[in-house]
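What follows is one structure encoded as structure tokens, with my remarks underneath.
Sequence positions, counted from 1, serve as the residue numbers for this chain.
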Amino acid sequence: MGTVIGVIIVLFVLGSMMALKPNGIDQRLDKLRMTARRLQLNPKLVACPDWIKGRDNEYGRGMLGQYCLILEETKLPHTRYQVIDGQWRPDSSFVDTSNDDKTLTIPSAIRSSQISNNPTVRKTDFSLDKAPLELPVSIEPFVKGLMTKANSIIIYWEDIAYVRPNSNPTYHQQRIEADLLVLKANLEKWAIQMQKDVKG
């Protein structure tokens, strides 16, 4: 009888330990975000902004990965872009009501209530209009939007789709760092382009 109770206890403990272990998708996503953090892309999961088409192609629905690159000694316009047909297109309805020229340490987004209070200030930036994404094929289909403000450039994308076998069957753990390095290089390139246009 004691042996049976011992076996039941061992099975119960093993079952509890297996239930606590993250599934394969969570482990892949953790690896992706840890690599992004190491590359200073500052990843976090956020609610889909109301100006981006999220889940079921509806604006502001679901959650997205927000990857932010902070560029010291850089001054960028406060602007937003959406992906349309594989190109960046400026959000021409965007209204920047902020007077804050300080650099960011934590990315922030404008609230819709601020827009309705001051609809006269418009600062649409067209630096990247019709610029192709030119991102790895494993990332590009999942990119939704881009925002810049002060010294930060922020990309919104479905990073969980990158690690899911059904949405990215070509996923390889060895490609994570290379893909993220291409993403980072493009963020730097787009920031330089915007900075040149601001100075020019």
Side-chain angles (χ1 to χ4, degrees), residues 25 28-29 32-33 35-36 39-69 71 74 76-96 107 109-110 122-149 152-198 200:
I25 301 293
R28 289 175 169 195
L29 190 57
L32 174 67
R33 291 181 179 161
T35 305
L39 296 174
Q40 299 176 333
L41 287 171
N42 305 307
K44 68 179 183 178
L45 184 66
V46 297
C48 180
D50 59 6
W51 54 276
I52 292 177
K53 287 184 179 180
R55 191 175 59 219
D56 300 328
N57 215 24
E58 291 184 27
Y59 285 99
R61 188 159 183 214
M63 304 292 282
L64 289 177
Q66 172 187 282
Y67 288 46
C68 172
L69 180 62
L71 302 163
T74 301
L76 297 171
H78 190 180
T79 190
R80 302 188 310 207
Y81 287 86
Q82 297 178 16
V83 178
I84 299 174
D85 297 329
Q87 299 176 328
W88 288 123
R89 298 307 310 265
D91 181 0
S92 57
S93 65
F94 175 60
V95 178
D96 180 5
I110 191 167
R122 293 187 180 271
K123 300 178 184 175
T124 302
D125 178 88
F126 293 96
S127 305
L128 300 181
D129 190 21
K130 297 187 179 178
L133 269 60
E134 296 178 341
L135 292 169
V137 293
S138 53
I139 290 179
E140 189 167 313
F142 312 120
V143 174
K144 299 291 186 175
L146 183 78
M147 185 175 85
T148 60
K149 182 175 181 182
S152 298
I153 183 164
I154 304 156
I155 195 162
Y156 295 93
W157 68 300
E158 294 175 304
D159 58 351
I160 194 163
Y162 175 87
V163 299
R164 280 192 180 134
N166 60 345
S167 54
N168 183 12
T170 62
Y171 169 85
H172 291 291
Q173 184 172 325
Q174 297 81 7
R175 294 286 314 151
I176 290 175
E177 186 166 348
D179 287 348
L180 289 177
L181 284 170
V182 173
L183 174 63
K184 183 178 180 179
N186 274 280
L187 290 173
E188 291 169 344
K189 178 181 79 173
W190 296 327
I192 289 167
Q193 180 62 46
M194 284 191 224
Q195 196 176 24
K196 281 180 183 173
D197 288 359
V198 167

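Within the model, atoms CE of M63 and CG of D159 stand 10.5 Å from one another, a figure rounded to the nearest 0.5 Å. In this structure, CG in L187 is found 9.5 Å from NZ in K184, a value given to the nearest 0.5 Å. In this structure, CD in E177 is found 10.5 Å from CZ in R175, a value given to the nearest 0.5 Å. Note that CD of E158 is 4.5 Å distant from NZ of K144, once rounded to the nearest 0.5 Å. Taken to the nearest 0.5 Å, the CD1 atom of I139 stands 10.0 Å off from the CD1 atom of I176. The CG atom of N42 lies 7.5 Å from the CG atom of L69; values are rounded to the nearest 0.5 Å.
Partners of V83 by side-chain contact (heavy atoms from CB on, under 4.5 Å), not counting sequence neighbours, listed by chain and number: W88, L133, V143.
R89 places no side-chain N or O within 3.5 Å of a backbone atom of I84 that could act as its donor or acceptor partner. Distance alone, capped at 3.5 Å, places no donor-acceptor pair between the Q66 side chain and the K44 backbone. The backbone N or O of N186 sits nowhere less than 3.5 Å from a side-chain atom of E134 that would complete a donor-acceptor pair. Checking side-chain atoms of T79 against main-chain N and O of T148 turns up no donor-acceptor pair under 3.5 Å.
Counted within 6.0 Å of NZ on K189, heavy atoms from surrounding residues, nucleotides or ligands total more than 12; the atom is thus considered enclosed. Other residues, nucleotides and ligands contribute at most 12 non-hydrogen atoms within 6.0 Å of the CD atom of Q40. Within 6.0 Å of atom CG in D56, more than 12 heavy atoms from other residues, nucleotides or ligands are found, so the atom counts as buried in its surroundings.
Between D129 and S127, the side chains place no donor N or O within less than 3.5 Å of an acceptor N or O (distance only, hydrogens not considered).
Between Y59 and D50 the shortest heavy-atom distance is CB-O, 3.5 Å. What you find for R164 and I25 is that their closest heavy atoms are CA-CD1, 3.9 Å. Taking each heavy atom of V182 and P136 in turn, the nearest pair found is CG1-CD, 3.5 Å. A pairwise comparison of heavy atoms in Y162 and W157 identifies CB-CZ3, 3.6 Å as the closest pair. Between C48 and R61, the shortest heavy-atom distance links the atoms CB-O, 3.6 Å. Closest approach of G145 and I52 over heavy atoms only: CA-CD1, 4.0 Å.
Proximity of Q173 to R28: side-chain heavy atoms (C-beta onward) are nowhere separated by under 4.5 Å. A 4.5 Å side-chain heavy-atom check between L64 and P49 finds at least one atom pair inside the cut-off. Here the side chains of L183 and L180 are in contact, with some heavy-atom distance below 4.5 Å.
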